[in-house]
Q: 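Before I ask anything, here is the structure I am working with.
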Amino acid sequence: MKKDSIVAVTKDTLTLAAEKEELLNAVKPENMKEGITSVVTDVSIHMERFIAMLIDAIPAVVKAIVFLIIGLFIIRTVLRIVKNRFEKRNVDMSLRGFLLSIIKFVLYALLILSVAGNLGFQTTAILGALSGLVLAVGLALQGSLANFAGGVLILLFRPFEVGDYIENPSNTEGTVDKIDLLYTTLTTAQGIKVFSPNGTLANSVIRNYSKITNRRFEYIVGIGYDDNIKTAQNIILDVLKNDPRVVQDPAPDVFVNELAASSVNLTIRAWASKDDYWAARNSLQQEIKIALDKAGINIPFPQQEMRIISDKPENK
């Protein structure tokens, strides 16, 4: 055992000595100079190769840039020509935006593939990668695909068009400005832009106020119990019949709707054309109030009668 220990210690000592000698040789000036020279040489070789690749690629890059500029100019020209054709042929406004979006997407996709081909990329490999990417994106963006399908359904069945005033159950309402691939742009009565997904619009109940000729408005006016109901009805009907914005067929109607706590409530129903609806609805209520005031018809406000009962006997 003692002999083995001596042999092991001897080996370790020799190993340390060899490592020390190797380290001393490495830090010698002449050896360090050779190492630095070797690294610099390798870097120079790689730089020369990289510069040579850049020089060789300059014609292809210049060609691709020129092709890109020409392609962008051609795309803009084609889109302008298509837009002018749509206007001359009076193509439906709803269809114009949708078709222009599709044409623009296809043209830009072709331009990108052509530029990639000029740079030396294999277009078949790019198409294969794009098909896989489209599949993955399609699975991740199912909502967007639903919106695209909704846009196609809207253009096929035409529940509304550009310029129509619509409303859906999600309280989205406004005038249709544009129907794109994924979204329909609306402008509300307050001038706010609303972007509604086509999928939601295609799968919900749509109220289209522009597809109608006339539209009905309704008021509820209360008169006092002491006032004559027939007199109030005739006054209101005279106001409605003398206003040219009110449609007389069907004729305006005024009837007792409720015997409320403080008033007899009359329901007023009349029709106006869709173009005059808001103006007539907003002004006639004021005219009816003025006419009733002139006739002395009271429009009471809510009131309650209070009685105080005392337990103390009255003094005689």
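In this chain, numbering begins with 1 at the start of the sequence shown. These figures come from a predicted structure and were not determined experimentally. Excluded from the calculations below are hydrogen atoms, water molecules and symmetry mates; all remaining heavy atoms, backbone and side chain alike, are included.
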Q: With respect to Thr184, which candidate in Asn198, Thr200, Asp177 satisfies the side-chain hydrogen bond (donor to acceptor under 3.5 Å, both in side chains) definition?
A: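 Between Thr184 and the candidates, side-chain hydrogen bond (donor to acceptor under 3.5 Å, both in side chains) is satisfied uniquely by Asn198.
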Q: Could you state whether Leu240 and Val247 fall into the same hydrophobic cluster, counting links through intermediate Ile, Leu, Val, Met, Phe, Trp or Tyr residues with side-chain heavy atoms under 4.5 angstrom apart?
A: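 Each belongs to a different hydrophobic cluster.
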Q: Does Lys211, at its NZ atom, have more than 12 non-hydrogen atoms belonging to other residues, nucleotides or ligands within less than 6.0 Å?
A: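 Yes, NZ of Lys211 has more than 12 neighbouring heavy atoms, counting only those of other groups under 6.0 Å.
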Q: I'd like to check Tyr219 versus Leu284 (side-chain heavy atoms, cut-off strictly below 4.5 Å). Are they in contact?
A: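 When only atoms from C-beta onward are counted, Leu284 and Tyr219 do touch, with a gap below 4.5 Å.
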Q: Is the side chain of Gln233 donor-acceptor paired with the backbone N or O of Val254 at a distance under 3.5 Å, no angle test?
A: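 Yes: the side chain of Gln233 pairs with the backbone of Val254.
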Q: Is a side-chain donor or acceptor of Asn208 paired with a backbone partner of Pro159 at a separation under 3.5 angstrom?
A: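 Such a contact is found between Asn208 side chain and Pro159 backbone.
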Q: Does one hydrophobic cluster hold both Ile288 and Ile220, with members joined at side-chain heavy-atom distances below 4.5 Å?
A: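 Different clusters.
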Q: Is the count of non-hydrogen atoms from other residues, nucleotides or ligands lying under 6.0 Å from Lys274 atom NZ greater than 12?
A: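 Yes - once you tally the heavy atoms of other residues, nucleotides and ligands closer than 6.0 Å, there are more than 12.
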Q: Identify whether Ile229 and Leu259 are in the same connected component of the hydrophobic contact network (ILVMFWY, side-chain heavy atoms under 4.5 Å).
A: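 In one cluster with Ile229: Leu259, yes.
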Q: Do you reckon Ile212 sits in the same ILVMFWY cluster as Trp278, going by side-chain contacts under 4.5 Å, direct or chained?
A: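 Ile212 does not cluster with Trp278.
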Q: In Å and rounded to the nearest 0.5 Å, what is the NZ to NZ distance from Lys294 to Lys289?
A: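 Answer rounded to 0.5 Å: 12.0 Å.
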Q: If you count the non-hydrogen atoms of other residues, nucleotides and ligands that lie under 6.0 Å from CZ in Phe255, is the total more than 12?
A: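 Yes, the 6.0 Å shell around CZ holds more than 12 heavy atoms from other groups.
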Q: Looking only at heavy atoms, what is the nearest atom pair of Leu111 and Gly71, with distance?
A: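 What the structure gives for the nearest pair is CD1-CA, 3.7 Å.
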Q: Drop me the distance from Leu186's CG to Leu201's CG, to the nearest 0.5 angstrom.
A: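 Reported value, rounded in 0.5 Å steps: 7.0 Å.
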Q: Please check: side-chain N/O of Gln248 versus main-chain N/O of Val246, any donor-acceptor pairing under 3.5 Å?
A: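 The answer is yes, because a donor-acceptor pair under 3.5 Å joins these two groups.
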Q: Is there a side-chain contact between Thr185 and Lys193 in this structure, where contact means two heavy atoms from C-beta onward sitting under 4.5 Å apart?
A: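 Heavy-atom side-chain distance check passes, below 4.5 Å.
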Q: Checking Ser283 side chain against Ala279 main chain: does a donor-acceptor pair fall under 3.5 Å?
A: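 Answer holds: yes.
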Q: Applying side-chain contact (heavy atoms from CB on, under 4.5 Å) to Leu79 and Lys83, what does each step give before you reach the verdict?
A: CA-CA 6 Å; Leu79 292 176; Lys83 187 176 180 180; over 6 Å; no
Q: Taking all heavy atoms of Pro300 and all of Gly224, pick out the closest pair and write down the distance.
A: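 Answer, listing the atom of Pro300 first, then Gly224: CD-N, 3.5 Å.
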Q: What heavy-atom pair brings Ala189 and Tyr165 nearest, and what distance separates the two atoms?
A: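 Closest heavy-atom pair between Ala189 and Tyr165: CB-OH, 4.5 Å.
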Q: Both conditions, 6.0 Å and 45 degrees, for the charged tip of Arg215 above the ring of Tyr277: are they met here?
A: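 Yes, cation above the ring, under 6.0 Å and within 45°.
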Q: Can you tell if the side chain of Phe217 reaches within under 4.5 Å of the side chain of Ile268, non-hydrogen atoms only?
A: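 No, every pair of side-chain atoms sits at 4.5 Å or beyond.
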Q: State plainly whether one hydrophobic cluster holds both Ile75 and Val66, where clusters connect Ile, Leu, Val, Met, Phe, Trp and Tyr through side-chain heavy atoms under 4.5 angstrom apart.
A: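 In one cluster with Ile75: Val66, yes.
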Q: A side-chain contact here means heavy atoms from C-beta on lying under 4.5 Å apart; do Phe160 and Ile179 qualify?
A: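 Yes, their side chains come closer than 4.5 Å.
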Q: If we check side chain to side chain contact (heavy atoms under 4.5 Å, CB included) with Leu292, which of these qualifies: Asn298, Ile299, Thr231, Val239?
A: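 It is Ile299, the one option of Asn298, Ile299, Thr231, Val239 that forms the side chain to side chain contact (heavy atoms under 4.5 Å, CB included) with Leu292.
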Q: Please indicate whether Asp226 has more than 12 foreign heavy atoms, meaning atoms of other residues, nucleotides or ligands, lying under 6.0 Å from its CG.
A: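 It does not: Asp226 CG has 12 such atoms or fewer within range.
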Q: Taking all atoms of both residues into account, what is the closest heavy-atom pair of Thr175 and Gly163, and its distance?
A: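 Closest approach of Thr175 to Gly163, heavy atoms only: CG2-O, 3.7 Å.
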Q: I'd like to know whether Leu266 forms a side-chain contact (heavy atoms from CB on, under 4.5 Å) with Val256, so could you lay out the CA-CA distance, the side-chain angles of the two residues, the decisive distance to 0.1 Å, and finally the verdict.
A: CA-CA 5 Å; Leu266 302 178; Val256 176; 3.7 Å; yes
Q: Counting only heavy atoms not in Tyr183, do more than 12 fall under 6.0 Å of its OH?
A: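 No, because the 6.0 Å sphere around OH of Tyr183 holds 12 heavy atoms or fewer from other groups.
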Q: I'd like to know if the side chain of Asp243 reaches the main chain of Arg245, judged simply by a donor and an acceptor atom lying under 3.5 Å from each other, with no hydrogens or angles considered.
A: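 Confirmed, Asp243 side chain pairs with Arg245 backbone.
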Q: Is a donor on one side and an acceptor on the other found under 3.5 Å between the side chain of Asp276 and the backbone of Ser273?
A: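 A pair under 3.5 Å: no.
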Q: Any non-hydrogen side-chain atom of Glu218 less than 4.5 Å from a side-chain atom of Thr267?
A: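 Yes, close enough: below the 4.5 Å cut-off.
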